[in-house]
2 protein chains.
Amino acid sequence: MASIKDVAKKAGVSISTVSYVISGKRKVSEKTRENVLYVMDELGYRSHAVAKALASKRTNIIALVLSPHKRPIGITEMDFISAASERAIARGYHLTLWTVGNDSLKDLQELTAQGLFDGIILMEINDIDARVKWLDKANIPFEIVGRCQDIEKYYYTDIDFQTTILDALNYLKNLGHDNIAFINQSKEVLENGYGPVVKVHKYFNELCNEMNIHGEEFFANASPSSGYEIMEHIINDLKDVSAVMVMNDSTIPGIFRAAYKEMIKIPQDISLMSLVTSSRFAEMMVPAVTEMAVPSKNIMYDAVNSLIDRLEGEEQTRHGSLWPCELNIRKSTAEKRKK
Amino acid sequence: MASIKDVAKKAGVSISTVSYVISGKRKVSEKTRENVLYVMDELGYRSHAVAKALASKRTNIIALVLSPHKRPIGITEMDFISAASERAIARGYHLTLWTVGNDSLKDLQELTAQGLFDGIILMEINDIDARVKWLDKANIPFEIVGRCQDIEKYYYTDIDFQTTILDALNYLKNLGHDNIAFINQSKEVLENGYGPVVKVHKYFNELCNEMNIHGEEFFANASPSSGYEIMEHIINDLKDVSAVMVMNDSTIPGIFRAAYKEMIKIPQDISLMSLVTSSRFAEMMVPAVTEMAVPSKNIMYDAVNSLIDRLEGEEQTRHGSLWPCELNIRKSTAEKRKK
DNA sequence: CTGAAAGCGCTTACAG
DNA sequence: CTGAAAGCGCTTACAG
């Protein structure tokens, strides 16, 4: 519990000198410096984060905002969180988790008013997002993980959905699949303008056209039963479909159940591929699911670094970066079977 | 950005009066009180968390310590984290995630020295845990999620493993299973004294004896392939085993794979039951797995409440509480088949 | 019932 | 190269 005052007294120098030894913001003679350092070590001095924050107007804490009620925290979200926490700590910051309720704008205002956070990382972005506008106007440093309207005005990191869908379709097409069903998230989420769903919806349809693939899109709730229903429909009514793509992890167990019930083998009869998933999830399925895996580490490293760089006043050349998902070929996809 | 000073000036009272209106720690005449409240609202005053923390020596931040490198964060951990964050926010606190590296004691010392945290929640406890002793000696309020040596000296919340195993064995026995294989975590983890593994190891063997069940315990790494190997062995070499119990989520996909390969049906030929799992995980399996689900909300609510109660100087009657896992019967268990 | 003032442990302009 | 001092925005004993 030694304070800077104790160190100063014992070292026979002023408080400011100790402070400058620590921060390096002013030249200190080598002799005093060494002496101060020695005393600091002897007393086991650690700077008091709160006092430092009050004086310097910097807390070294950043907040990650999540709304678990709107979008439950799954493995993918968890990967984001731990990557962010790791990166923040590595750069000398703390990461706090701020789980907001329904009125997320109001919660965000509460959060920032306390002056506890140097910066904010916003996830689960809608195309028109009141929080983004407010943070911008309030002049609070923030980083978007996702994209929204006028994204070029802000700092962001996101998945490159276009490349992701292109890579996925290419992979399936090379296996001979040219009639593909795609299970997206719910229509409601699409209409709310949730970025990933909007983008994937757009690119899937565009790229199928360009690539001469017959693509049919379905919207499912985040539940196994919803996946079950749609898969039943695909198996029974759409006999030409030979591959199913999903961007809705929760439906996957239902898809397997329907296939099992209808005696359809994955991948022999129908190939299954998951988009924007966590590897840890895809590996848990039996058979393990071929996926386009979210590069969560890359994304969060970028986001946290960009935010902290700005907080520390570094030059910013970058405004945003996009990371495609990575193809992990596992056991749920195979060549289209000859009829 | 209105400060307490602005409010005081505009309301025509002293700073201390404003402060006392906010805290309620001193009687203020109804008239002044209302006036101050009115001005506060008008100026949109919010107390500055950092200044408040420095003056009051209370930051209202608690830290949750995790070591993701030792024990990757799965769905169960995630449930703990979000329950804790939710509870903390509901009580006016922030929850920060502190992910420590290999030398977790040193990291913990760093963490606490900064004076940023009012209290600490420690998870992933070993039977002999240097961090517990150190926190105790340093007189830092902390709560243990788990148990260790001399646990009655500390505050803790944990799973009631004895009841959990008892309930699980009873359930299986009532289905006619009296020859049960149990897949625990690795021998290494057991020898390191990791609480859940030590306890389940003990109770499984004790209770099987008492209940006249033939129980055989296996130790597996946290990987599908490890589950695959053991399940192959069970199927081929232990023909009398009719039920498998697991406390090692990561092995489960491997167990299913081995069953599938050996043409063993779950649950018709062998029942499968998972212990200390998250429902979200168990429901993802096909078939959905019968489990003893971790009551993560209850546990974290208890832990966070107990810690905050102590921080706020409330009387503590409770020292520790134990929560049994809850039986969720799903599709992976059935009556023992007649030979 | 209320105010003036010290103090929390730092940072940083000001002065020498 | 270094020190004395103001100030960050609060809380709380002290005084009346």
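Throughout, a chain's letter reflects where its sequence line sits, starting with A, and its residues are numbered from 1.
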Are a donor atom and an acceptor atom from the side chains of B:Thr157 and B:Asp302 found within less than 3.5 Å of each other? no
Non-neighbouring partners of B:Phe117 that pass ring pair (Phe, Tyr, Trp, His ring centres under 6.0 Å), sequence neighbours left out: A:His94
For B:Lys5 and D:dT11, give me the distance from atom NZ to atom P, rounded to whole Å. 15 Å
Close residues, residues 42-57 of chain B, relative to DNA chain C [heavy-atom separation under 4.0 Å]: B:Leu54, B:Ala55, B:Lys57
Note: contacts of residues 26-33 of chain A with DNA chain C (heavy atom, under 4.0 Å) are A:Arg26
Nearest-angstrom distance from the residue atom CD of A:Gln114 to C1' of D:dC8: 17 Å
Take the protein atom CG of A:Asp6 and the nucleotide atom C1' of C:dC8, then report the distance between them rounded to whole Å. 14 Å
Between A:Ser82 (side chain only) and A:Met78 (backbone N and O only), is there a donor and an acceptor less than 3.5 Å apart? yes
According to a 3.5 Å limit on both distances, what stems of 3 or more consecutive Watson-Crick or G-U pairs are formed with DNA chain D? C:1-3 with D:14-16, C:5-12 with D:5-12, C:14-16 with D:1-3
Separation of atom CG in B:Asn60 from atom C1' in D:dC10, rounded to whole Å: 13 Å
Between B:Asp129 (side chain) and B:Asn126 (backbone), is there a donor-acceptor pair under 3.5 Å? yes
State, with a plain yes or no, whether a side-chain heavy atom of B:Ile299 is found less than 4.5 Å away from one of B:Asp158. no
Give a yes or no on whether a salt bridge exists between B:Asp309 and B:Arg91, defined as a side-chain N under 4.0 angstrom from a carboxylate O. yes
When the distance from CG of B:Asn35 to P of C:dT2 is rounded to whole Å, what number comes out? 11 Å
Using atom types as modelled and distance alone, determine if a side-chain donor or acceptor of B:Arg147 lies under 3.5 Å from a backbone N or O of B:Ile159. yes
Return the value, rounded to whole Å, for the distance between atom CD of B:Glu34 and atom P of C:dT2. 12 Å
What pairs with A:Asp6 under salt bridge (charged side-chain N to carboxylate O under 4.0 Å, His left out), at least two apart in sequence or on another chain? none
Please answer whether the main-chain N or O of A:Ala53 pairs with a side-chain N or O of A:Thr59 as donor and acceptor at a distance below 3.5 Å. no
Reckon B:Lys25 has a side-chain N or O less than 4.0 Å from the OP1 or OP2 of D:dT12? yes
B:Arg58 CZ to C:dG7 P: how many Å, rounded? 23 Å
Determine yes or no for a side-chain-to-main-chain donor-acceptor pair under 3.5 angstrom, with A:His319 supplying the side chain and A:Tyr154 the backbone. yes
Dump the intermediate steps for side-chain hydrogen bond (donor to acceptor under 3.5 Å, both in side chains) on B:Arg58 and B:Tyr93, then the final yes or no. CA-CA 10 Å; B:Arg58 304 276 322 279; B:Tyr93 283 68; 2.6 Å; yes
If we ignore hydrogens and angles and just use 3.5 Å, is the side chain of A:Asn192 paired with the main-chain N or O of A:Tyr194 as donor and acceptor? no
Looking only at heavy atoms, which two atoms of B:Gly146 and B:Ile151 are closest? And how far apart? O-CD1, 4.2 Å
Are any side-chain N or O atoms of A:Ser56 and backbone N or O atoms of A:Lys52, one a donor and one an acceptor, separated by less than 3.5 Å? yes
Atom-to-atom span, CD1 of A:Ile4 to P of D:dT2 - whole angstrom: 15 Å
In numerical order, the residues of residues 15-22 of chain B whose heavy atoms come under 4.0 Å of DNA chain D are B:Ile15, B:Ser16, B:Ser19, B:Tyr20
